Amino acid sequence: MNGNLKFLKEGRIEELDSSQKNSEDLIDIKISYSVLSFILVLLFQFTVRILSDNREGQISDLIKILAILTQGFIYLYSLKYVLKRNGFLFIFLYLIGIIIFLINFLFYPKNNLYIVDILFPFFGMVLPTFLYTYSIKNYKNFYDIMEKIANLSVIFILILSIGLIKGKFHNEEYSMGLSYYLLFPLLIYTKNFLQKINLLDLIKVILDLMLIILLGSRGPIVCFVVYSFLEILRLKDLKIRQIALYLLILLAMIIFALNFREILMIIDNLTYKILGMTSRTIELLLYDIGHDSGRHIIYETMKHSINNHPFLGIGIAGDRMLMENPGLYAHNIFLEIYVEFGLILGSFILLFILYLVFSSLLTKESKKYGIALLWICLGLLPLFFSGSYLTSLEFWIMLAVLLRLRKKDSYIDYEGE
C-alpha cells in the first residue's frame, strides 16, 4: 500500500513538473514571438511601400508609423510575462538608462538635439527588446520561433522576387535596410541547408541572396560569408554527401576567385537584359571595390575627436553631433563607443562585449554555439559597416542571448534528451 502511495505521489510530482514545464515553454514562445515579430513587420511595411509605389512621402511615413504601433501592441501582449519574470530588472535598467541619459544631457549639452532623436528608439524599442529576450528561459523555444519567422519570411521574399521581375525596383538604387531585413532568414536557411542538404533550403538561400545582391548593400554579404564559414567549421559527424557538397562549394569559390571580373560582368549583363536594372553591389565590385560611401570622411572625423577627447569622450550621440546630422553616425561600433565614452571606459565596454562573443563561440555545446553565432553575425558584424548600437535591435538581442546562454539550463532540447 505504501509502495502504491509512493508511486502515485511520484507520478503526481512528474505530472506537475511536466505541466509547469509546458506553461513555462508557452510563455517563452509568446515572448519569442513578441521579440522576433519586428522582422516580419519590417518586411511587411517595406513590401507594401514598394508595391504601392510609396517609397517616400506622407503615405510612406504613415505606413512606417503603423508598423511601429503594430510592434508596440505586440510587445504589450507579452509585457505581463516579462514583468513577472524580470520586473525588478526591468525597473532597474530603465532607471540606469534614464540616469545615464540625464548625465549626458547635463554634461554634454551640445548633444542634446541628437540625444532627443534617439530617446524613443532606445527606451521604446531597444531596451524592451533586450529585456524581453533576456526573460526567455529556454532558448530552444526561442530558436524554434526563429525558424518559424524565417519560414514566414519566404512569403515576402517571393513577393519581392516577383516585384523585381515585374520592374518594381527599376527606379531603386539600393536599399541597405531591406538587405539587413533579409539577412535574418538567409542565415536560418543557410544553417538548415548546411545541416540537412536539401533542395528547398538551397532555393530559399539563392532567392534571398539574390535579392540582397541585386537590391541591397555589401555588408550583409560579408555577414553571410562569415557565418557560413564558421558554421561549417563546427559541423560534426559529416556524411559523405555533405563532404562532397563542401568540396564542390570550395571548388566553385576557387573558380569564382580566378574569374572574378568575368563572372560578375556576365551576371551584370544578364541582370540588365532580363530585369532592366543594374546591381549597385555588383557595379561597386567591378569598378570601385574600395568605395566606402564617404565613410572615410566620417572615420577621420571620429578619429580626430578621439585624439582630442581620449579620456572622457564627448557623450552619447556625440558622433551625430560631430557630423551635425542625426542620420549620420560613426558607422563602426568601435569608433562610436570610443567617441562617446573615451578610451578607458570605451575599452572596458568593448572588451566585455568581445569576451561574451568569444566565450560563446568557444563553447563545447553545439546548440548554444549555433544560436550564439547566428546572433553575433546579425547583431555585431553589421555594426562594423553600418548602423548604431543605440538603435540596433539585433545587437541588443545578441547581448541578451549571449548573457543568458552562460546559464547551464538556458538551452534544453527535451526531444533530444
Side-chain angles (χ1 to χ4, degrees), residues 55-56 104 107-119 121-122 126 171-181 183 212-226 264 278-347 349-350 353-354 377-395:
R55 180 70 189 275
E56 304 291 343
N104 278 266
F107 289 95
Y108 303 100
K110 290 183 179 179
N111 300 353
N112 288 356
L113 176 65
Y114 307 97
I115 291 176
V116 169
D117 194 63
I118 60 174
L119 283 178
F122 185 80
V126 164
N171 297 324
E172 300 296 322
E173 182 184 357
Y174 82 110
S175 172
M176 183 172 67
L178 174 63
S179 57
Y180 281 109
Y181 304 158
L183 180 60
I212 291 175
I213 292 173
L214 294 180
L215 303 174
S217 58
R218 292 163 289 173
I221 299 173
V222 175
C223 297
F224 163 72
V225 172
V226 172
L264 283 182
T278 58
S279 164
R280 176 182 181 271
T281 299
I282 294 176
E283 292 286 316
L284 290 176
L285 290 173
L286 278 172
Y287 307 113
D288 193 5
I289 196 169
H291 181 75
D292 61 6
S293 302
R295 282 178 174 80
H296 66 282
I297 299 173
I298 297 174
Y299 293 160
E300 288 302 317
T301 304
M302 299 301 133
K303 291 175 185 176
H304 183 71
S305 175
I306 294 169
N307 290 333
N308 290 336
H309 306 87
F311 298 111
L312 298 177
I314 59 172
I316 289 176
D319 53 342
R320 278 89 163 165
M321 183 272 294
L322 290 173
M323 301 308 299
E324 299 181 348
N325 188 330
L328 290 178
Y329 41 84
H331 285 276
N332 181 283
I333 187 170
F334 278 78
L335 291 176
E336 184 176 9
I337 289 177
Y338 278 136
V339 164
E340 293 179 348
F341 301 104
L343 294 175
I344 298 174
L345 181 56
S347 294
I349 294 170
L350 290 169
I353 294 171
L354 292 176
C377 291
L378 286 169
L380 183 61
L381 284 188
L383 296 185
F384 288 112
F385 320 113
S386 191
S388 166
Y389 79 94
L390 290 167
T391 56
S392 171
L393 300 182
E394 293 88 345
F395 173 76

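This is a predicted model, so every value here is computed, not measured. Residue indices begin at 1 and follow the sequence shown.
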Set of ring pair (Phe, Tyr, Trp, His ring centres under 6.0 Å) partners for Tyr329, sequence neighbours left out | His331
Report the distance from atom CG of Leu322 to atom CG of Leu328, rounding to the nearest 0.5 Å.
-> 11.0 Å
Minimum heavy-atom distance Glu394-Leu378, with the two atoms named | CB-O, 3.5 Å
Between Ala317 and Ile118, which heavy-atom pair has the shortest distance, and what is it?
-> CB-CD1, 4.2 Å
For Phe385, check side chain to side chain contact (heavy atoms under 4.5 Å, CB included) against everything at least two apart and list the hits.
-> Tyr180, Val222, Cys223
With Thr391, which residues qualify under side-chain hydrogen bond (donor to acceptor under 3.5 Å, both in side chains), at least two apart?
-> none
In chain order, what residues pass the side-chain hydrogen bond (donor to acceptor under 3.5 Å, both in side chains) check against Ser392, with sequence neighbours excluded?
-> none
Is the closest side-chain heavy-atom distance between Val126 and Leu393 below 4.5 Å?
-> yes
Of all residues at least two apart in sequence or in a different chain, which pass the side-chain hydrogen bond (donor to acceptor under 3.5 Å, both in side chains) check with Tyr389?
-> Glu340
Separation between CD1 (Ile316) and CG (Asn104), nearest 0.5 Å, reads 4.0 Å
Work out which heavy atom in Ile298 is nearest to a heavy atom in Ala330; give both atom names and the distance.
-> CG2-O, 3.7 Å
Contacts of Phe384 that satisfy ring pair (Phe, Tyr, Trp, His ring centres under 6.0 Å) - sequence neighbours left out | Phe334
Output all residues satisfying side chain to side chain contact (heavy atoms under 4.5 Å, CB included) with Asn111, sequence neighbours left out; order by chain, then residue number.
-> Tyr108, Ile115, Met321
By side chain to side chain contact (heavy atoms under 4.5 Å, CB included) - contacts of Leu343 (at least two apart) | Ile306, Pro310, Tyr338
Spacing of CG belonging to Leu354 relative to CD1 belonging to Ile349, to within rounding of 0.5 Å = 12.0 Å
Which residue pairs pass the side chain to side chain donor-acceptor pair (under 3.5 Å) test when at least one of the two sits in residues 305-326, sequence neighbours left out?
-> His304-Asn308, Arg320-Glu336, Arg320-Ser388
Check whether any side-chain heavy atom of Ile212 lies under 4.5 Å from a side-chain heavy atom of Phe224, and answer yes or no.
-> no
Got a sec, which pairs hit salt bridge (charged side-chain N to carboxylate O under 4.0 Å, His left out) with one end in residues 308-318, sequence neighbours left out?
-> none
